[in-house]
Structure formats: structure tokens, C-alpha cells
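Computed from a predicted structure; not experimentally measured.
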Amino acid sequence: MSEVARYSRRLVLGAGVAMAATVALGCSLGGPLGSAAFAADTVKLGVSIPAATHGFTGGIVWWANQAKAELEKAHPNLKITVKTASGAPEQANQLQDLVTVTKIDSLVIFPFESAALTQPVMQAKKKNVYVTVVDRGLTDPSAQDAYIAGDNTAFGRIPAEYIAKTYNGKANIVALRGIPTTLDNERWEAFTGVLKQYPDIKILDGKYANWNRDDAFKVTQDFLTRFKDIDVVWAADDDMAFGVLKAIEQAKRTDIKEVFGGAGSKTMVKTILDGSNPLIRADVSYSPKFIYDAIKMTAEARLKGDRLPATHIIPSALITKENAKEFYFPDSPY
């Protein structure tokens, strides 16, 4: 079975369900989906995503190019242009080129940052570009037509519930956040919201480490210097978790009982399966494949003249040794 097929089977709310919901919604409203939709002769779809600066975005880039290859082969009247950016200013410039030079009529964008990309996306939408925003939401949702993401609330809630249960409502925690974005805010609010219910769980500090292994190493070094009694490190990304582990090992700290990452990378899942690192016992799923689903859903809808539902959320799950096999895909890039 191909990698794409195996991932597709795993998603409970896959593209097929979403597309069915789209048609049903249009029919029930009697709006453009149900009555006045016209198939496009051609669709020029732009895909704007962060460059592969770490494992997760490496997966994003890989899945985006998989979507381009497969969808262009299946639909001769579809042209997909994939652009990767190393920062928000570059992504904004690329977006302008996609609109004015490539003359796209549809856009799937994974914003590098929320605030910095909101106005450039709004400008594209004002030029009649259909906009699907993926994962990192914009600060003004009116700039988008559709939003597709993993369950960021569950991404923060699940580890908090796990920590509270595992440590009987008593622990000292330090946390590493990602990049300032709406999704990071959702995760942080969900995480802290759960732990507020436990007066004996203390979040000693939480700092941004940019979903980056090296940055996480440096932030953790600071935490280890300042705090002499840490039970759990919540590193809200598997790449950051590996940076955390390196810092703990280098400092020879033995007080830390667990490091909880996020996103279900194949390396982390394999570590849980093997039990090869006593600090890694659980994770939360959040597959980069949602960019593939977003591109596919958007392209197929626009080819039919349809629109997507306003919001489509892909669920997250707790990964432990008991169910890790379900989340382990050795051929995956992430």
C-alpha cells in the first residue's frame, strides 16, 4: 500500500468526508454549491508553505509535492505552483508573485506567521483568489474562504491531561512553545487551561523555541540552569523534544522524569514503541499530511466550481506504547 493511501486510511475526517459535507451544505442552503456552481475550464492553484527548516515542515514540503504530482496527473486542466519560504517577508513576496505573475485563481497557504501574512492574503482574496488557509490561522479570518487544520486544542489538552493523570496532579513543568501564531496560542491556552485545575502542578516557565531543535536545546539549557527541580518538560513539537533531550543529557540531570513532544514523528513513535528512552513514553498525533488533504480538497472543489466548508478539523490522538504501531510509518519523511 502506498504512503499516501496509508495516511488517507488513518484520517477519520478525510477528504472524502469533507467533500461530501461540502456538497450537502451547498444543497441544504440552496446557495452556489447547490444551484449556481460551474466547473472551471482550468484552475491555477498556488501553494505557499514554509521551507523545510525542521522535520515537520520537511513533511509539509514532501506532502505538498506529492499532491502536485498526483493531482496534475489526474487533472490535465489543473496547474499547481508550489512555493517555499524561509520567513514571513519572503512568503509575502512570493504570494504577491503568485497573484500578479503566475495569476493564480486559488491559493492554499500555510502561513509562516499569522499576523505578518494576514494582510498579504487579504490582498490576494480582494483580487478574487479563492483562499484555503492551513494550520497556522490568520489574525483576520475574513481573509480566507476555508480553514483546514489539525486539532490544536486537543494538541495542548491531551498532553496536559496525560501529565495530570500520570503524576497524580502534582508536578513541576517547563514548556517550550513554537512560533507566535494562532495555533500556538490555541495549544498553549488548552494546555494551561487544563493544568489550572491542579493547584499542585506548577508551570515554572514557558518560552518560544520556534519548533526548532537547536533553539529548544538553548531554551532548555536556560531552564536547567534556573530550575533545580523539574518533573516534566512539555516540548510542543518532536523536533524540539530531541533538542530538550540533548540538553538534559549534556547537563546530566536526573530529576526530569519525562519529556512530552508532539506531532507523532516516526522517530518519536519508534522510540515509544521500542521503549529505548525512559524519558519518552507518550506523544500526540498531528500529521503534516493535512497539507496534501488541503490541496486535494481545494483543487477538486475548484475544478467543480464548488467551495469548501468554512472549517475542517483533523483530530489528534494520544500515542502510547499500546497504540504506537497505528501511528508508525517508516517510509514517511517525518
Side-chain angles (χ1 to χ4, degrees), residues 151-178 184-265 267-286 316-324 327:
D151 191 341
N152 288 294
T153 298
F155 190 99
R157 172 180 53 78
I158 287 171
E161 292 174 345
Y162 169 87
I163 291 167
K165 181 179 179 180
T166 303
Y167 296 92
N168 298 314
K170 186 175 182 179
N172 289 332
I173 300 171
V174 292
L176 289 81
R177 302 179 63 175
D184 183 82
N185 292 338
E186 289 171 19
R187 294 172 177 182
W188 181 248
E189 288 165 9
F191 182 77
T192 56
V194 169
L195 296 183
K196 283 177 183 177
Q197 304 171 49
Y198 299 90
D200 291 329
I201 292 182
K202 296 179 175 59
I203 300 176
L204 303 175
D205 200 358
K207 284 190 173 182
Y208 293 107
N210 306 313
W211 294 311
N212 181 276
R213 189 174 303 208
D214 293 336
D215 290 349
F217 175 78
K218 295 172 185 176
V219 169
T220 305
Q221 282 185 316
D222 173 65
F223 286 159
L224 296 177
T225 300
R226 292 193 291 124
F227 304 113
K228 301 304 180 185
D229 185 13
I230 300 171
D231 296 301
V232 181
V233 180
W234 181 49
D237 176 85
D238 287 344
D239 274 336
M240 291 198 297
F242 288 117
V244 171
L245 291 171
K246 182 180 178 183
I248 293 171
E249 180 183 7
Q250 188 176 96
K252 294 180 169 48
R253 287 285 288 266
T254 58
D255 54 310
I256 298 163
K257 301 175 180 68
E258 190 161 355
V259 175
F260 196 114
S265 70
T267 305
M268 187 65 77
V269 174
K270 187 67 163 58
T271 301
I272 294 170
L273 267 174
D274 295 343
S276 56
N277 189 324
L279 293 179
I280 301 295
R281 299 197 290 274
D283 204 345
V284 60
S285 65
Y286 199 90
S316 291
L318 178 67
I319 303 172
T320 63
K321 192 176 183 66
E322 287 69 31
N323 68 348
F327 298 88

### Option from Ile230, Leu195, Thr192 for which side chain to side chain contact (heavy atoms under 4.5 Å, CB included) with Ile173 holds
Leu195
Could you pull out every donor-acceptor pair under 3.5 Å between side chains of residues 269-276 and any protein atom, sequence neighbours left out?
{"residue": "Lys270", "atom": "NZ", "partner": "Asp274", "partner atom": "OD1", "Å": "3.2"}
{"residue": "Lys270", "atom": "NZ", "partner": "Asp274", "partner atom": "OD2", "Å": "2.7"}
{"residue": "Thr271", "atom": "OG1", "partner": "Thr267", "partner atom": "O", "Å": "2.8"}

Return a table of donor-acceptor pairs under 3.5 angstrom between the side chains of residues 236-243 and protein atoms on other chains or two or more places apart.
{"residue": "Asp237", "atom": "OD2", "partner": "Asp239", "partner atom": "N", "Å": "2.8"}
{"residue": "Asp237", "atom": "OD2", "partner": "Met240", "partner atom": "N", "Å": "3.1"}
{"residue": "Asp238", "atom": "OD1", "partner": "Gly262", "partner atom": "N", "Å": "2.7"}
{"residue": "Asp238", "atom": "OD2", "partner": "Gly264", "partner atom": "N", "Å": "3.1"}
{"residue": "Asp238", "atom": "OD2", "partner": "Ser265", "partner atom": "N", "Å": "2.7"}
{"residue": "Asp238", "atom": "OD2", "partner": "Ser265", "partner atom": "OG", "Å": "3.1"}
{"residue": "Asp239", "atom": "OD1", "partner": "Arg213", "partner atom": "NH2", "Å": "3.2"}
{"residue": "Asp239", "atom": "OD2", "partner": "Gly55", "partner atom": "N", "Å": "2.5"}

The criterion is side-chain hydrogen bond (donor to acceptor under 3.5 Å, both in side chains); which residues satisfy it with [X], sequence neighbours excluded?
X      : value
Asn277 : none
Glu186 : none
Asn185 : Arg177
Arg253 : Asp255

Restricting to non-hydrogen atoms, name the atom on [X] and the atom on [Y] that form the minimum distance, rounded to 0.1 Å.
X      : Y      : value
Gly261 : Asp283 : C-OD1, 3.4 Å
Trp188 : Gly206 : CH2-CA, 4.1 Å
Ala324 : Ile319 : CA-CG2, 3.9 Å
Gly193 : Gln197 : O-NE2, 3.7 Å
Val244 : Ala235 : CG2-CB, 4.0 Å

Do [X] side-chain atoms and [Y] backbone N/O form a donor-acceptor pair below 3.5 Å?
X      : Y      : result
Thr153 : Ala190 : no
Ser316 : Ser285 : yes
Asn323 : Thr320 : yes

[atom1]/[X] to [atom2]/[Y] distance, rounded to the nearest 0.5 angstrom?
X      : Y      : atom1 : atom2 : value
Lys170 : Ile201 : NZ    : CD1   : 11.0 Å
Lys257 : Asn172 : NZ    : CG    : 8.5 Å
Phe217 : Asn212 : CZ    : CG    : 12.5 Å

Are there more than 12 heavy atoms of other residues, nucleotides or ligands under 6.0 Å from atom [atom1] of [X]?
X      : atom1 : result
Lys321 : NZ    : yes
Lys246 : NZ    : no
Glu249 : CD    : no

### Task
With side-chain contact (heavy atoms from CB on, under 4.5 Å) as the test, would you mind laying out the steps for Val219 and Phe223 before giving the verdict?
CA-CA 6 Å; Val219 169; Phe223 286 159; 3.6 Å; yes
### Task
Walk me through it: do Phe227 and Asp205 pass the test side-chain contact (heavy atoms from CB on, under 4.5 Å)?
CA-CA 9 Å; Phe227 304 113; Asp205 200 358; 3.9 Å; yes
### Glu161 vs Leu318, side-chain contact (heavy atoms from CB on, under 4.5 Å): CA-CA, chis, key distance, verdict
CA-CA 10 Å; Glu161 292 174 345; Leu318 178 67; over 6 Å; no
### Stepwise side-chain contact (heavy atoms from CB on, under 4.5 Å) test for Leu245 and Ile280
CA-CA 9 Å; Leu245 291 171; Ile280 301 295; 3.9 Å; yes
### Message
Is a donor from one side chain sitting under 3.5 angstrom from an acceptor on the other, for Tyr208 and Asp215?
### Response
no
### Task
Would you mind reporting whether Leu224 and Ile256 have side-chain heavy atoms less than 4.5 Å apart?
yes
### Query
Testing Phe191, Tyr162, Trp234 for ring-ring contact (aromatic ring centres under 6.0 Å, His included) with Phe260, which one passes?
Tyr162
